[in-house]
Protein chains: 2
Amino acid sequence: MKDVAQHAGVSTATVSRVLNGHAAPTPETRERVLAAIEKLGYRPNALARSLRTTSTQTLGLVISDLLNPFFAEIARAVEDEARSHGYCVVIGNADESAEQEATYVRTLLDRRVDGLLLCPATDDPSLVREVSAGGVPLVLLDRTVRGATCPVVRADGSEALTALARRLVGAGHTRIGVIAGPPNTSTGRERTDVLTGSLGGLAQVVHGDFRQESGSQAAAKLIDDGATALVAMDNLMGLGALGEVRARGLQIPHDIALAVFDDQPWFPLLDPPITVIAQPTVEMGRAAARSLLALINGRQPDDVRLTAKLVLRGSLGEAEL
Amino acid sequence: MKDVAQHAGVSTATVSRVLNGHAAPTPETRERVLAAIEKLGYRPNALARSLRTTSTQTLGLVISDLLNPFFAEIARAVEDEARSHGYCVVIGNADESAEQEATYVRTLLDRRVDGLLLCPATDDPSLVREVSAGGVPLVLLDRTVRGATCPVVRADGSEALTALARRLVGAGHTRIGVIAGPPNTSTGRERTDVLTGSLGGLAQVVHGDFRQESGSQAAAKLIDDGATALVAMDNLMGLGALGEVRARGLQIPHDIALAVFDDQPWFPLLDPPITVIAQPTVEMGRAAARSLLALINGRQPDDVRLTAKLVLRGSLGEAEL
DNA sequence: CATACATGTGTAATCGATTAACTACGGTCT
DNA sequence: AGACCGTAGTTAATCGATTACACATGTATG
């Protein structure tokens, strides 16, 4: 910057003013400064600028797993929305581990992100409190924690789940295997509660960890126990369950019915296509980013609750008639 | 930091030494400082530290599309490797757009990442030159550019592609539709050249843009032209092609054979499972991160060339016998 | 013609860390 | 006792920007 100033025959203050679009500098001065910048290939140091202004124009996003397309889509939407407001997003991968999640959150805070979007790995509120105590704007996404005091953006699957339950029961299924998420996550618990509630005593629950492998294992156990229908509570466990069903040579929906929470681009391509409960991922991501930006700008956004929808495709068999 | 120093009755220099594990401070002083840090909940400002040390312990990774599982896996691997060396990764999504790619690269440079990993959207070397001119360590990943002067990490699919070609020809296919990547990307061009080369005059090429929609369109065109086998040059176009095949009610492999470049967890679950050329994504990501770290540490790593493998699963029909 | 005021630019403090150079202190050795 | 040395800790410069305040110049006003 000093070099630029020297080249243009002005002070660094003036260079800074030109850079920041202040009204002060003469068009002629501005011209000279811009020429010098161009000539020297100068690029301002964002670190220094942020240090001085205490604003990084950056949002932190901590998610459980980038390989999970559900989170990848959310990340993508967050990024789009943030970018359109001049913000950058730094993504942290927590790998469904509370410890790694905490590490990432702290790293992001150390780098002074202007705000944080968090999909908490567990419903333990201590990390959330730590962030809030630091005074950093925080919005929870997809999942919440016990006694959360910050805005939350999530999808409500209750309606879709009860509709699904009604169809399964109506089709005469009496042993319905539920491949549930971890009970210490809000989404894991809530979805399972709603579904088992609507299924009366027909549900048999096995808990997984939102990963493919656990989906296979849970499916195996449930099939062994005589389940005639499976409901996987997220797409990775759905993938695992599907693998197990195929490995056993069972036909969907003839031998067993299957429904999955979360949609995937390839679900319609299976034979039969898989019936799902689709979450509005893009909307969730955008809404979360907007809420966070609002918070950063001193407004107090409301919680956002979007609706997940049941998409019938055929993998339930007669239940879909 | 000043507060901590005051609390512990020392100067900020001493606090800094404790923080950075210098030998100087007495165990007793160290103890006092740590206590003060704990008590005040002090966390060092990474921006200030980086400004002073000119090192951010951060790598930039610019990829074409986070929603493409191929890149998501790479990102994940890069991150793992980087983290194990105490580095953070900031991911930028270029969306297969050269312009957005350039924007992201510049943003990352402005933030003074210690090194940059780039999957170039096109083979135009100007952006690469710009980065190199800035003296920032740079490694290219998956794709290269014309006259690249920096280390490159990529997968070689030639062997797998010729093997695939041999099988298709051997099975008597005479009209083989190739859904190619953009000709201005190195991977797009090379893969297509190798395959069409080995297919003699039997190949019919339609170019897509590495996205699902273009895969459907290309497949439609090729099927209309009487192709009896399709080869999609990346997984998203493969997904599109598969959709088109299904939409027309064609049976794989009876009516048409299909092979896809890039593997996906759900390909084995289709009926029949899809034959693919699998790239070692995790190895690619790790290798790229390692090369970049080497470069940052003043070493001069060699190019890395890993091997993609043909995985036969059944979607080629008799060609797989 | 002096005074007030607007305007464009420069000076220097500041953000929060690191670190070279210096000081103070105590202990050894002749 | 005096010279010398090692060690623990302080002072202050520095990284590269922003910005309050001061200053100089030019124009309008009484």
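In what follows, chains are A, B, ... by sequence order, proteins preceding strands, each numbered from 1. Side-chain atoms are counted along with the backbone in the values below, which use heavy atoms only and exclude waters and symmetry mates.
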Checklist entry - Do B:Arg52 and D:dG16 share a donor-acceptor pair, side chain to base, under 3.5 Å? => result no
Checklist entry - Looking at the side chain of B:Thr26, which of D:dA8, D:dT10, C:dG8 is the nearest nucleotide? => result D:dA8
Checklist entry - Does the pair A:Glu190/A:Arg154 count as a salt bridge with the N-to-O cut at 4.0 Å? => result yes
Checklist entry - Just to confirm, is there a sub-4.0 Å distance from OP1 or OP2 of D:dT10 to any side-chain nitrogen or oxygen of B:Thr12? => result no
Next on the checklist: Please confirm whether the shortest side-chain N or O distance from B:Ser16 to OP1 or OP2 of C:dA17 is below 4.0 Å.
Outcome noted: no
Checklist entry - Does A:Asp124 reach the main-chain N or O of A:Ser126 with its side chain, forming a donor-acceptor pair under 3.5 Å? => result yes
Item to check | B:Leu51 vs B:Ala13, nearer the 5' end of DNA chain C by closest nucleotide | outcome: B:Leu51
Checklist entry - How would you label the contact of A:Thr53 with the nucleic acid (heavy atoms, under 4.0 Å): base, sugar-phosphate, or nothing? => result sugar-phosphate
Checklist entry - Is A:Val15 touching bases, backbone alone, or none of the nucleic acid, heavy atoms closer than 4.0 Å? => result nothing
Next on the checklist: Taking 4.0 Å as the cut-off, does a side-chain nitrogen or oxygen of A:Ser50 come that near to OP1 or OP2 on D:dA17?
Outcome noted: no
Checklist outcome for this item: In whole angstroms, the gap separating C1' of C:dT14 from NZ of B:Lys2 amounts to 10 Å
Next on the checklist: Is there a side-chain contact between A:Thr14 and the phosphate of C:dG8, meaning an N or O under 4.0 Å from OP1 or OP2?
Outcome noted: no
Next on the checklist: Taking any heavy-atom pair under 4.0 Å as a contact, classify B:Thr54: base, sugar-phosphate, or nothing.
Outcome noted: nothing
Checklist entry - Are OP1 or OP2 of D:dT18 and a side-chain N or O of A:Asn20 less than 4.0 angstrom apart? => result yes
Checklist entry - Between B:Asp110 and A:Arg49, is there a salt bridge with N-O shorter than 4.0 Å? => result no
Item to check | Whole-Å distance separating the CG atom of B:Leu19 from the P atom of C:dG16 | outcome: 15 Å
Next on the checklist: Looking at A:Arg76 and B:Asp95, is any side-chain nitrogen of the basic one under 4.0 Å from a carboxylate oxygen of the acidic one?
Outcome noted: yes
Next on the checklist: Go nucleotide by nucleotide along DNA chain D from the 5' end; which of A:Pro44 and A:Arg17 gets its closest nucleotide reached first?
Outcome noted: A:Pro44
